[in-house]
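Just so we're on the same page: letters track the sequence lines, and every chain starts at 1. Computed from a prediction, not measured in an experiment: that's the story for all the values here.
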Amino acid sequence: MEPARFEAIVVGKRFHGYATELLVEAPNAAGAVPGQFMHIKCDGRDGVIMRRPYSVFDAAENTISFLVKDVGRGSAWLSARKTGDILDLMGPLGRGFAVGDGQRSILVAGGTGIAPLHFLAGCMKERGLCAFLLWGMEGGDEYGELPNIIADRFDLRLSSMDGKRGIRGSAVDLLEACREEGCTALYACGPRPMLLSLTDRARDMGFTLFQVSLEERMACGVGACRGCVIPCSTPTGGYLSACRDGPVFDEGEVDWRRIRESISA
Amino acid sequence: MEPARFEAIVVGKRFHGYATELLVEAPNAAGAVPGQFMHIKCDGRDGVIMRRPYSVFDAAENTISFLVKDVGRGSAWLSARKTGDILDLMGPLGRGFAVGDGQRSILVAGGTGIAPLHFLAGCMKERGLCAFLLWGMEGGDEYGELPNIIADRFDLRLSSMDGKRGIRGSAVDLLEACREEGCTALYACGPRPMLLSLTDRARDMGFTLFQVSLEERMACGVGACRGCVIPCSTPTGGYLSACRDGPVFDEGEVDWRRIRESISA
Amino acid sequence: MAEDKGIDIGVELTGIRLKNPVMVCSGTYGVGREYSDWMDPRELGALMTKAVTLKPCAGNPTPRLWEVPCGLLNSIGLENRGLKRFLEDDLPWLHEMGLPVWVNVAGFSREEYVKVASEVSRSSLAAALELNISCPNVEKGGMYFSNNPRDAAMLVSSVREMVDIPLYVKLSPRSSDIKEMAIMMQEAGADGLSMVNTFPAMALDIETARPRLANVTGGLSGPALHPIAVMAVWEVAGAVDLPIIGMGGIWSWRDAVEMMMAGAVAVAVGTLNFVEPGAPLGIIDGMRGFMRRKGIEKAEQLVGMARRMEVPRPGGEYEGKDNAGG
Amino acid sequence: MAEDKGIDIGVELTGIRLKNPVMVCSGTYGVGREYSDWMDPRELGALMTKAVTLKPCAGNPTPRLWEVPCGLLNSIGLENRGLKRFLEDDLPWLHEMGLPVWVNVAGFSREEYVKVASEVSRSSLAAALELNISCPNVEKGGMYFSNNPRDAAMLVSSVREMVDIPLYVKLSPRSSDIKEMAIMMQEAGADGLSMVNTFPAMALDIETARPRLANVTGGLSGPALHPIAVMAVWEVAGAVDLPIIGMGGIWSWRDAVEMMMAGAVAVAVGTLNFVEPGAPLGIIDGMRGFMRRKGIEKAEQLVGMARRMEVPRPGGEYEGKDNAGG
Ligand SMILES: Cc1cc2nc3c(=O)[nH]c(=O)nc-3n(C[C@H](O)[C@H](O)[C@H](O)COP(=O)(O)OP(=O)(O)OC[C@H]3O[C@@H](n4cnc5c(N)ncnc54)[C@H](O)[C@@H]3O)c2cc1C
Ligand SMILES: Cc1cc2nc3c(=O)[nH]c(=O)nc-3n(C[C@H](O)[C@H](O)[C@H](O)COP(=O)(O)OP(=O)(O)OC[C@H]3O[C@@H](n4cnc5c(N)ncnc54)[C@H](O)[C@@H]3O)c2cc1C
Ligand SMILES: Cc1cc2nc3c(=O)[nH]c(=O)nc-3n(C[C@H](O)[C@H](O)[C@H](O)COP(=O)(O)O)c2cc1C
Ligand SMILES: Cc1cc2nc3c(=O)[nH]c(=O)nc-3n(C[C@H](O)[C@H](O)[C@H](O)COP(=O)(O)O)c2cc1C
Ligand code: FES
Ligand code: FES
């Protein structure tokens, strides 16, 4: 579908611990694909001028929702929006996840990485596809009741580093513990260290489709500024844009070595 | 009284045409003198960082009020405040009007210059002093019902350039038309062109006290930055600060020639 | 919107007629295609491309962006697919659109600049060149030309000799005396100036004590830069006889009018495109509305309007007046 | 607040011990008295006075202020009551307070600078001098010294010869190469640097096509200036061996810590004072809290902390990396 810029009214809000779920009326965004994001203008207080990208957490005919974690000035403003407030959105933007017919999938989320994978799981369910959703978090109570809400709809397995929810360990440990047969597709979204160890471990697990959603700071969101790039695995090096070529990439498109270097440097 | 910085809750709001009256709870500002102003922080949207000065329009034991005309980013934000919102105030600041015992006074306001003179008239009434309030405006309907509200309390005479309210003409014309006997004190506040023609005409009318309140763009509001200065009439030239030496000046302290030059240049 | 009778918003500079004075800045509009879903590029007065270098260039490591108060830091570097791809794919597409194109030229040596500029000129597909001399020099470190006006002048005359289309030089705001730089560019043969580029700046993450940008430093753009850019245009407009394209934090039609009143013949919208795709259209409309309200018939009347006014200077100081910021 | 056991927030520069690294900028705190109702000046690390000139100076015509996005333009000029009144009234009062005072010295000729500096030094009431060389020169036009580093160096050595207290030189951010300027100041005998002054900038009222400031141009301060100031401090800290007092848009304790990590030994709060009188106190507290959380025992460890870190530079580019802002 054609991306657009439009105003959307906040029609619902729920608190889930660290994250706030915002539901907005957005008929224009119908047709958003899991993995795509909306680029949201965050008022303009304290000199904030740029938009902030947020994955679509869920979409219905006339609404979409986001999951916003408060990590700075923009997200703090966004999480403080109330029902009736107006947001200025651009989207849906970027390349979403590819889903094959009849495929059985594992979806691995770390932290707020749950957002695009939650939407993906919903779309798979609609298409009658089998999907296992694995979600790792730091503290087991970080997301309030959200794990229970999601578990009501999907086959959800949880882990937390403090062991308070699900198994003690990371989302990658969840994947290792997952004994579901016949899964050929793996999808992941989460912090970079998690994605790095996931790719290390999953590369030889025989998935025929392995896609990751990668976050990078963004300016334009449409591929014009080359600000949001991800190192690409072609022999000549170079970069792909997270906003237009991504945010979803095939695992093999990404130069994980350079990503690892930039984290450990 | 000692000026202070404090937070004040908006407890009332009224619309008067171009101007919005905001009533805030401010026990700290009790003791404000007519002519003094409050320095108000205007959120921080669109890169607005500085405070804006507003004359005290009225004061009671626990509240003060302002009259805000929307002329730009700061005042637009301020006029949009609602009951329950919190304002960050500094004040009361500056030198107020001097009032002698037993004195009969004429108060001449142009536009929002009504604010400090309205408060002055109130204080004079409390002290049992006789005061005539003359108020000129551009369009007779600019301030909604405010002229009627003020006329209920004070001896108010009006003029408007379009003749829709009071006599047709300026506040200076009102002064010429005012035939009250025995007035020895004159106070004025309004746009500079009005003050210039007022001083020209009133200088020889025999007032023993003639004070004006002058506006200038401000930064600190406390005399530290020398940003808000008014040309001063001492032979050596130089400047007085509107925020600390003023905003109320004796007519003779001000170098009206330099003010005229800066307007006509 | 319908054309206004009697209001001519077009401008002409170095023989190029623009249907309106609103362009888009180099590096903020890709090669035009990226925003074509969002607005018709043909509505623009002109378009300035992302920097083109001789060979493909990967640009800087990531992260490349950081937001600062009323501004954006970027360290994209000169990422582009190189001259060959540009001439084959991008420039023909832009030419097809029929809007005037300024090609932003960068290089890592004088030879590279000359080669890129002359091939673009030879292609006959560009209206003008914009020489990005506030770009790095790998041998001698970033911002080299801004610090070395004489070498910049030599570069400009070398390029000037080899090209047939107007040559604009893009100036950095980090200049002790931008007037002097502008005068030297004029003497070296520049046909016009575009100003300003981003301002070298940086931010640190105090939690890690590391720079926010992988490249350590970056360029500041956006509203924070605007009053600096207006002053640069004002100063240079009084010093040279070249058309100036004004840019730097243009965030509204008011900012655009201000820039023209300071002396710019046209303006370019940069960072704002990221926030409001299509913003140039609103600026064009706003400018037209302003002209109508003020009874200004030709956009060209706006150019340098503030420079032609008597500036208020009340006298009476008992000491010498000074020009300090305090 | 109670002193933290084990946390030493004091710093020392050029032999002057400050109980904390937070000062206030010249021109934003008057001569100290103006804010004494609002906070106890003795809580400050040190105070920098408004510029002092030999004779009384009326400063520039009004209006002198204009707000821009995340910034303030001012054209106060050097308004002050002159050396005599300063030495009689203001400096003794400040000295009484017992806090270290940097006296900001300005002049309209070399002789004036030398005279003011030497008399302040002789008074024994000031801790140090801050030479304002980004100030105007009536004969030769504003910003003269920033454009003429050699003359600035001569001025510094003339003053250095005549004074017994540390001499700080205040640098302008409008410099093609601020490192070079700093090195020349060091060679000329400066004991320390303070940076940065406001950035020359302007704004126009489009309704009247006139400058917003009667003086036409002014100096930009506030958050808009901050990333430029951080970069200037970062660059200069790597080029000279002098203590740096960092200033420019410090708006929070985070900005103050950032400035120190970039290389400043102390910081000075400027425009923020106008918005939040007492802001320096919150910055001191915030800095102390940060140190506690991070287990940093001495504020001096913060100085240049980011400069000592390995800077991430992932390799793999197929073209030379560059340092451009894009
Ligand atoms: C495609 C995409 C999808 C995203 N989806 C979600 C989501 O569903 N839910 C969610 O809570 N967050 C999501 N994010 C991250 C979110 O955009 C950032 O948290 C937000 O921009 C931070 O803005 P801020 O002003 O609060 O923080 P800032 O004050 O700008 O910075 C705070 C921290 O956030 C980091 N940050 C800033 N901008 C970005 C950015 N664009 N991407 C990643 N990190 C950033 C900074 O490096 C910094 O450490 C997504 C990011 C991308 C690129
Ligand atoms: C002592 C004093 C008392 C005042 N009392 C009142 C009052 O009771 N009611 C009222 O409506 N206004 C009053 N003002 C004026 C008010 O402060 C300005 O209208 C306000 O600051 C404009 O801010 P802005 O952001 O909306 O406008 P901006 O966008 O900043 O500017 C819009 C216009 O307002 C002018 N302006 C900006 N700041 C000031 C300033 N500090 N003083 C005068 N003009 C300014 C500008 O020159 C410009 O033309 C008073 C000003 C002073 C100095
Ligand atoms: C992301 C980004 C990339 C840029 N790339 C270039 C470039 O390749 N060549 C160039 O001359 N200027 C480049 N610039 C500078 C802009 O063209 C413009 O001069 C500057 O951003 C000021 O305008 P603004 O504040 O409106 O953005 C870039 C700016 C940004 C923000
Ligand atoms: C109103 C005002 C007056 C100033 N006066 C002086 C001055 O007299 N001498 C000087 O060296 N700097 C002066 N400055 C510059 C400040 O000392 C400081 O370098 C600059 O404002 C940057 O800091 P900030 O952004 O925190 O304000 C002045 C700044 C302002 C805003
Ligand atoms: S955010 Fe601009 S290219 Fe991706
Ligand atoms: S506003 Fe600073 S001296 Fe008046």
Review point. Going through the distances and angles, do B:D43 and B:V48 end up as a side-chain contact (heavy atoms from CB on, under 4.5 Å)?
Key: CA-CA 7 Å; B:D43 195 47; B:V48 169; over 6 Å; no
Check your understanding: Of the backbone (N, CA, C, O) and the side chain (C-beta and beyond), which part of D:Y29 lies under 4.5 Å from a heavy atom of chain B, both, or neither?
Key -> backbone
Practice item. Could you tell me whether a side-chain N or O of B:Q211 sits under 3.5 Å from a main-chain N or O of B:Y187, the two making a donor and an acceptor? Key: no
Review point. Based on non-hydrogen pairs under 4.5 Å, which of B:M90, B:H39, B:K41 is most in contact with chain D?
Key: B:M90
Exercise for review: Answer yes or no: is there a donor N or O on one side and an acceptor on the other, between the side chain of B:D255 and the main chain of B:R257, under 3.5 Å?
Suggested key: yes
Point to revise | Test side-chain contact (heavy atoms from CB on, under 4.5 Å) applied to B:I230 and B:I259, step by step | key: CA-CA 8 Å; B:I230 303 283; B:I259 290 191; 4.3 Å; yes
Practice item. Could you walk me through whether B:W256 and B:E251 pass the side-chain contact (heavy atoms from CB on, under 4.5 Å) test, one step at a time? Key: CA-CA 9 Å; B:W256 295 101; B:E251 181 270 338; 3.4 Å; yes
Check your understanding: Do B:F119 and B:S55 come within less than 4.5 Å of each other through their side chains, counting heavy atoms only?
Key -> no
Check your understanding: Can the positive tip of B:R81 be found less than 6.0 Å from the middle of the six-membered ring of B:W77, inside 45° of the ring normal?
Key -> yes
Point to revise | Test item: D:E67 side-chain N/O and B:M50 main-chain N/O as donor-acceptor pair under 3.5 Å | key: yes
**Study point:** Worked check of side-chain contact (heavy atoms from CB on, under 4.5 Å) between B:C243 and B:F37
**Key:** CA-CA 9 Å; B:C243 67; B:F37 65 94; 3.8 Å; yes
Review point. Can you say whether B:R45 sits under 4.5 Å from chain D via the side chain, the backbone, both, or neither, judging by heavy atoms?
Key: neither
Exercise for review: For chain B, find its close neighbours in residues 267-278 of chain D: heavy-atom separation under 4.5 Å, sorted by number, or none.
Suggested key: D:T271, D:F274, D:V275, D:E276, D:P277
Point to revise | Top contributor to chain D contacts, counting heavy-atom pairs under 4.5 Å, from B:G223, B:C228, B:G47, B:G221 | key: B:G47
Check your understanding: Any side-chain donor paired with an acceptor under 3.5 Å for B:E25 and B:N62?
Key -> no
Review point. Which residue out of D:G222, D:P69, D:A224 racks up the most heavy-atom pairs below 4.5 Å with chain B?
Key: D:P69
Review point. Checking D:V31 against chain B: side chain, backbone, both or neither under 4.5 Å from a heavy atom?
Key: neither
Check your understanding: Pick from B:G72, B:G74, B:C220: which one has the most heavy-atom pairs with chain D under 4.5 Å?
Key -> B:C220
Review point. Any idea which of D:Y35, D:W38, D:W66 has the most non-hydrogen atom pairs under 4.5 angstrom with chain B?
Key: D:W38
